Amino acid sequence: MSALQPVRGTHDLLPEDMRRHRHVVDTARRAVALYGYQEMSTPIFEFTEVFKRTLGDTSDIVTKEMYSFERGGDHLTLRPEATAGVCRAVISGGLQQQAPLKYFYYGPMFRYERPQKGRLRQFHQIDIEIIGIAEPLADIEVIAAGARVLDALGILKRTTLEINTLGDSESRTIYRQKLVDYFRAHQARLSEDSVNRLERNPLRILDSKDDGDRHIVADAPLFDDSLTPAARDFFAKVCDGLNRLGIAFNRNQRLVRGLDYYCHTAFEFTTTELGAQSAVLAGGRYDGLIEMMGGPPTPGIGWAAGVERLSMMLRDVTPAPRPFAIVPVGPEGEALALTLTEDLRRAGFPVELGYRGNMSRRMKAANKVNARAAILIGEDEIKRGAATVRDLDSGEQAEVPLQALKDRLAQFR
RNA sequence: GCGGGUGUAGCUCAGUUGGUUAGAGCGCCAGAUUGUGGAUCUGGAGGUCGCGGGAUCGUAGCCCGUCACUCGCCCCA
């Protein structure tokens, strides 16, 4: 543990990384605003109970991934995901009465996992939730908003939308039992991981990467055969809506969510560009969640996307804005440069001042900050009440009276 | 929590079967250039060879341990 190193699984976002990061978040915020989602935020830590109750005592997140601590007798946890906090806020404020609630969310999340590509211990998610609408129209809208965000980022074409239904609770109870019975019969040939999953999370076996498991899974009962007519109809409506919007998807019957409050639609936009991590934006319906937390029965659906993962998929780095560079020459130049710089900044122009060195040095500095133009202030210019403006791309330069300087700079926009 | 790979300058990497002052490119600083950037040339700074122990006359290179990074498993955005 070296104190001069970032904590394992955390990263500094230096300006270039930060620009990508900001681009992702700003683009998403703008895109979902068109769908009526409003930004909100909750604390980054909650009572541990908030996550324990919703994620279940035996889930991996609760048993080994939470950053928990105790302070003043309270058991607190840095949030591993956003939905639980949002739902807690809804209950705290009695907001379900104002349904539908449509929220956009951005912020850091914390999971104590072994870091790898596209997986960090502190990472950031963008997230939308629509709470209070049980109709399939909400599912369609949420998925469409996700597709819109990916499209606006220019990466939609490099992802695949996988979609599945987990049915209603009746369907799921039936299916779960069939599945457990089936896998019990083949338990001897299942991988060790999957035998463990039999107790904790049998649906997950469907998604096993073990070759032997895949063989057994191939003949496992299908969810479709356990769906109630109502659940089947719900899913058909979602698929139909996506078709009508021209959003391509693959039905993936192995796409599952382990936790009990999930139901109906589950979906993931996946990619092959991020190593072992495939999901870039994923979500589903969680009609049972708010009730499970102690609130009134309230349906909800949403998705989350990892900002770091999305950033990694961006092809072009957003360039830093190009400033103007003031290059003073001599003491009189420096004196005037100080006030002129501030004057231009107040007028809305991004301006860098060449801080030190001879003229050559300051011109180099101007070049290094990728300045659009240099503004030279020396004895000659001061005498004439002017500045020399040099276009650093073309190399052309001309003297401009100080009163006309802002108009001249505006032409570079 | 489990398994594989990698640690040499700010970055990317050389460094022969172990041999005496550990190199290059890029970047950085400065000069050529006291009113002109990019290009070029010259010079300079910068290294506990991840860390600790061991073997050896002698280690960046071998052995053991440890830490970090990285890839994968579990799980997940």
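Numbers restart at 1 for each chain; the letters A, B, ... are given by sequence-line order, proteins then strands. Since this is a predicted model, take the numbers as computed values, not measurements.
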Give me the distance, rounded to whole Å, that separates [N] from [M] when you measure between the [atom1] atoms they each carry.
N: B:A45; M: B:A30; atom1: C1'; value: 10 Å
N: B:C64; M: B:G23; atom1: P; value: 30 Å
N: B:C62; M: B:U40; atom1: P; value: 39 Å
N: B:C49; M: B:U21; atom1: C1'; value: 16 Å
N: B:U8; M: B:A60; atom1: C1'; value: 7 Å
N: B:U20; M: B:C74; atom1: P; value: 49 Å
N: B:U12; M: B:U6; atom1: C1'; value: 15 Å
N: B:G37; M: B:A22; atom1: C1'; value: 36 Å

Complementary nucleotide of [N], counting Watson-Crick and G-U pairs under 3.5 Å:
N: B:U20; answer: none
N: B:U70; answer: B:G4
N: B:G27; answer: none
N: B:U40; answer: B:A32
N: B:A9; answer: none
N: B:G46; answer: none

Rounded to whole angstrom units, what separation is found between the [atom1] atom of [X] and the [atom2] atom of [N]?
X: A:N358; N: B:G37; atom1: CG; atom2: C1'; result: 12 Å
X: A:R372; N: B:G38; atom1: CZ; atom2: P; result: 18 Å
X: A:R361; N: B:A32; atom1: CZ; atom2: C1'; result: 12 Å
X: A:E334; N: B:U34; atom1: CD; atom2: C1'; result: 14 Å
X: A:R8; N: B:G50; atom1: CZ; atom2: P; result: 19 Å
X: A:I375; N: B:G35; atom1: CD1; atom2: P; result: 20 Å
X: A:K117; N: B:C71; atom1: NZ; atom2: P; result: 7 Å
X: A:K364; N: B:U40; atom1: NZ; atom2: P; result: 11 Å

When we call it a touch if two heavy atoms are under 4.0 Å apart, what does [X] touch: a base, just sugar-phosphate, or nothing?
X: A:G283; answer: nothing
X: A:E268; answer: nothing
X: A:E308; answer: nothing
X: A:A304; answer: sugar-phosphate
X: A:I126; answer: nothing
X: A:D127; answer: nothing
X: A:G330; answer: nothing
X: A:D393; answer: base
X: A:L120; answer: base

Quiz item: Between A:S360 and B:U36, does any side-chain N or O lie under 4.0 Å from OP1 or OP2?
Solution: no
Self-check item: Under 4.0 angstrom between A:Q116 side-chain N/O and B:C71 OP1 or OP2
Solution: no
Could you tell me whether the side chain of [X] has a donor or acceptor atom within less than 3.5 Å of a complementary atom in the base of [N]?
X: A:E381; N: B:G35; result: yes
X: A:R111; N: B:A77; result: yes
X: A:R114; N: B:C76; result: no
X: A:N367; N: B:G37; result: yes

Self-check item: Aromatic plane relationship, A:F267 with A:F269 - under 30° parallel, 30 to 60° tilted, over 60° perpendicular
Solution: perpendicular
Exercise. For the pair A:Y106 and A:H124, name the ring-plane relationship: parallel under 30°, tilted 30 to 60°, perpendicular over 60°.
Key: parallel
Quiz item: Any idea which of B:C29, B:U36, B:G35 is nearest the A:D380 side chain?
Solution: B:G35
Practice problem: Could you work out which one of B:G35, B:C76, B:C75 sits closest to the side chain of A:R309? | Solution: B:C76
Quiz item: Hey, which of these two, A:S394 or A:H11, hits RNA chain B nearer its 5' end, going by closest nucleotide?
Solution: A:S394
Quiz item: Between A:V329 and A:H124, which is nearer to the 5' end of RNA chain B once each is assigned its nearest nucleotide?
Solution: A:V329
Quiz item: In terms of side-chain heavy atoms, does A:T298 have a donor or acceptor partner in A:Q96 at a distance below 3.5 Å?
Solution: no
Quiz item: Going by distance alone, is a donor N or O of one side chain under 3.5 Å from an acceptor N or O of the other, for A:S92 and A:R88?
Solution: yes
Quiz item: Is any side-chain N of the basic residue among A:R19 and A:D26 closer than 4.0 Å to the acidic one's carboxylate O?
Solution: no
Quiz item: Salt bridge or not for A:R362 and A:E334, using N-O below 4.0 Å?
Solution: yes
Quiz item: Side chain of A:R408, backbone of A:V400: donor and acceptor closer than 3.5 Å?
Solution: no
Quiz prompt | Lys NZ or Arg CZ of A:R121 over A:Y112 ring: under 6.0 Å, within 45° | solution = yes
Quiz item: Does the side chain of A:R251 reach to within under 4.5 Å of the side chain of A:F235, using non-hydrogen atoms?
Solution: yes
